[in-house]
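Letters A, B, ... are given to chains in the order of the sequence lines, protein chains preceding strands, and every chain is numbered from 1. What you are looking at is a predicted structure, and each value in this text was computed from that prediction instead of being measured.
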Number of protein chains: 2
Amino acid sequence: MAKARHSRFDCSPGCAVEAAISLIDGKWKCVILFHLLSGTMRFNELRRAAGTVTQRMLTNQLRELEEDGLITRKVYAQVPPKVEYSLSELGHSMAPILKSLKDWGDANLDRFGRPEPIERLAAE
Amino acid sequence: MAKARHSRFDCSPGCAVEAAISLIDGKWKCVILFHLLSGTMRFNELRRAAGTVTQRMLTNQLRELEEDGLITRKVYAQVPPKVEYSLSELGHSMAPILKSLKDWGDANLDRFGRPEPIERLAAE
DNA sequence: CAGTATCCGTTGCGATACTG
DNA sequence: CAGTATCGCAACGGATACTG
């Protein structure tokens, strides 16, 4: 539990930056965090919100976020099971990062891989 | 050239966030970007600044950043070779992201994997 | 509902050696 | 100096099946 999963930082300048992203790397983590900014969510809610994440990966990422103390997992002892995820205080402190990521993304979405709409437009 | 390296975003909410980190994921990219905020740097300068990155990885990450239009590579036709890397305008636009990462890291460095000094303190 | 377990191909990435 | 080439292992991560 909480084994040193993150690579050791050798604290050169830029260390802080490296440390920060090491917590949110992995394709899904910041997406999860971002969604949790809006409030508590259940497992399958997150699953849908994240788009195409697999069950295994979502579980995995949630566990790591929990280990790192960014999110809180609350299990209700009932059937069917109910588990709620929410941001810890530390998690909330990342809001500025998430926000700047979102802002940049919004401003530049059309610049790189603009995802084309699923339906083919009139072409052909 | 610029093949679709990044996974396709299916533009659910949070898509922008996903898009943004997809450009800076990989342990070294944001460290590189961060250092380039201070100005132009040469290959081996970056190598030293980044800490423990290998030659292969640095080259690799630099190429991807270049493909994504975040940095500019300037080669001087001379011997010995001299190559300078600097942020493009798009790269500079990520400054807020880098800054928020740095701020968070600075504020929370002591909370997670605080890298212990190499020399063992008095213990034993 | 919210997971865990297993299989298995793909990618990441360090080590090492070579080059214009 | 600033790379490229090749090897090889380890981690990532999807698909699928099973469970309390």
Once Watson-Crick and G-U wobble pairs under 3.5 Å are found, how is DNA chain C written in dot-bracket notation, 5' to 3', with | for any base paired to another strand? ||||||||||||||||||||
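The minimum heavy-atom distance between B:Ser86 and B:Thr40, with the atom names listed, is CB-OG1, 3.4 Å. Listed here is the closest heavy atom pair of A:Leu33 and A:Met94: CD1-SD, 4.3 Å.
Hydrophobic cluster membership is shared by A:Val75 and A:Ile71, with clusters built from Ile, Leu, Val, Met, Phe, Trp and Tyr side chains linked at under 4.5 angstrom.
For B:Ser38, there are no side-chain contact (heavy atoms from CB on, under 4.5 Å) partners at least two apart in sequence or on another chain. Taking the salt bridge (Lys or Arg N to Asp or Glu O under 4.0 Å) definition, one finds that A:Glu45 meets it with nothing, sequence neighbours left out. Not a single salt bridge (Lys or Arg N to Asp or Glu O under 4.0 Å) links B:Lys74 to another residue, sequence neighbours left out.
No side-chain heavy atom of B:Arg56 sits under 4.5 Å from any side-chain heavy atom of B:Thr59. Using a 4.5 Å cut-off on side-chain heavy atoms (C-beta onward), A:Trp104 and B:Leu23 make contact.
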Look for any protein N or O under 3.5 Å of an N or O in nucleotides 8-14 of chain C and output each such pair with its distance, or none.
residue: C:dC13; atom: N1; partner: B:Arg56; partner atom: NH2; Å: 3.2
residue: C:dG14; atom: OP2; partner: B:Thr54; partner atom: OG1; Å: 3.1
residue: C:dG14; atom: N7; partner: B:Arg56; partner atom: NE; Å: 3.3
residue: C:dG14; atom: O6; partner: B:Arg56; partner atom: NE; Å: 3.1
residue: C:dG14; atom: O6; partner: B:Arg56; partner atom: NH2; Å: 3.4

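Toward the 5′ end of DNA chain C lies the nearest nucleotide of A:Glu45, the other residue of the pair A:Glu45 and B:Pro81 mapping further downstream. DNA chain D is contacted by both A:Pro80 and A:Gln55; A:Gln55 maps to the nucleotide lying nearer its 5′ end (nearest heavy atom per residue).
Counting heavy-atom neighbours within 6.0 Å of A:Gln78 CD, excluding the residue itself, gives a total above 12.
A:Tyr76 comes within 4.0 angstrom of no nucleic acid atom, judged by non-hydrogen atoms across all strands.
Within the 3.5 Å criterion, the main-chain N or O of B:Leu70 finds a donor-acceptor partner in the side chain of B:Ser88.
Put simply, chain B comes within 4.0 Å of DNA chain D, heavy atom to any atom, from D:dC1 to D:dT6, going 5' to 3'.
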